[in-house]
Amino acid sequence: MRSSLGAVCVLAVLATALSAGCQSAPGGVGGNGAPGGGRAASVSPSPLRTSGYGAVFLGVDECSSFGRTSFTEVSCDGERAAARVVARHDGTVRDGPRCPATTDFVLHIGEQRPSSGKDGEDGEDGEDGDAAVPRGYACMRNLQPPHPGDPGGGGGPRTIVGDCVRGLDDGQVRETACDGEGEQRPEYRVTDAVDARSRCPASTTLYVRLGGSSPVGCAEPL
């Protein structure tokens, strides 16, 4: 019989991406920032109790409820379901595998240790015991639009080909929706992802750090 999982703490990583480590070609926007595909605002941890829909809390293809301060695992067929797990990894985002390109947001899951007790009572081996939840993160995709992780969507934890950015006063760039309906109008669009600047098209005026096997984003003015 499946064990019920104990309460865990979750940080919702909001879909506000900052394309960091960007450097400019002549006439472009330059600057240096933190590595990775985006800066994400986080909320304070809050207790979360799992619902027992899977042996692993928020495993691949399982769903979370609505909310930005806490998420609960729920049935994907239920009316409370808001987002689906597209990838799940132990550890931290910094040290672990990257989320899929069109991930909408990331959930950071705090470690939960099983309660102590005798077999058959309230311990890890008991029928009603708590199962350990390791520290990890879940890459989430909204069940319904909008999808900020899509190319041009203006958010998500990664900057990818098709996304748009605008320059900031400190020389960095921030991802924004290509349709111009975001808070800031876009100035550049990432047209290619390559392994070296020399492989970017001649029309490139901005190089955006993307990470991965093709870490250089070639951006052109809009």
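- Interatomic distance, His108 NE2 to Tyr137 OH, rounded to the nearest 0.5 Å: 9.0 Å.
- Put simply, Tyr188 and Val190 are part of the same group of oily side chains (I, L, V, M, F, W, Y) that touch within less than 4.5 Å, one to the next.
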Using atom types as modelled, flag every donor-acceptor pair under 3.5 Å from a side chain in residues 211-222 to any protein atom, sequence neighbours excluded.
residue : atom : partner : partner atom : Å
Glu220  : OE2  : Ser203  : OG           : 2.4

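- Nearest heavy atoms, Phe66 versus Glu79: CE1-O, 3.8 Å.
- Ala193 approaches Leu210 most closely through the heavy-atom pair CB-CD1, 3.7 Å.
- With a 4.5 Å cut-off on side-chain heavy atoms, Val106 and Val93 count as touching.
- Side chains of His147 and Asn142: no donor on one and acceptor on the other come within 3.5 Å.
- Counting only distance, with no hydrogens or angles, the side chain of Arg189 and the backbone of Cys178 share no donor-acceptor pair below 3.5 Å.
- Partners of Asp179 according to the salt bridge (Lys or Arg N to Asp or Glu O under 4.0 Å) rule, which considers only residues two or more places apart in sequence or in another chain, do not exist here.
- Counting only distance, with no hydrogens or angles, the side chain of Arg166 and the backbone of Arg185 share a donor-acceptor pair below 3.5 Å.
- Under a 4.0 Å N-O distance rule, the pair Asp61/Arg141 does not qualify as a salt bridge.
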Working for side-chain contact (heavy atoms from CB on, under 4.5 Å), residues Val86 and Thr103: CA-CA 8 Å; Val86 295; Thr103 297; 4.1 Å; yes
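- Between Met140 and Ser64, the closest side-chain pair of non-hydrogen atoms falls below 4.5 Å.
- At a threshold of 4.5 Å between non-hydrogen side-chain atoms, the residues Gln184 and Arg174 do not count as touching.
- In this structure, Asp150 and Asp163 approach most closely via the heavy-atom pair O-OD1, 3.5 Å.
- Inter-residue side-chain proximity for Cys139 and Phe105 is flagged as unmet; no heavy-atom pair is nearer than 4.5 Å.
- Atom CD of Glu181 sits about 10.5 Å away from atom OG1 of Thr176, to the nearest 0.5 Å.
- Here the closest heavy-atom approach between residue Pro148 and residue Glu175 is recorded as O-OE2, 4.3 Å.
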Start with the C-alpha gap between Leu206 and Glu187, add the side-chain angles, then the distance that decides, and say whether side-chain contact (heavy atoms from CB on, under 4.5 Å) holds. CA-CA 10 Å; Leu206 183 74; Glu187 296 176 338; over 6 Å; no
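- Taking every heavy atom of both residues into account, Ile109 and Ala138 meet most closely at CD1-CB, 4.3 Å.
- One distance of note links OG1 of Thr159 with CZ of Arg209; it measures 12.0 Å at 0.5 Å rounding.
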Determine whether Cys200 and Tyr207 satisfy the following criterion, side-chain contact (heavy atoms from CB on, under 4.5 Å), listing intermediate values before the conclusion. CA-CA 9 Å; Cys200 283; Tyr207 301 104; 3.6 Å; yes
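- The shortest side-chain heavy-atom distance between Cys63 and Val85 does not fall under the 4.5 Å cut-off.
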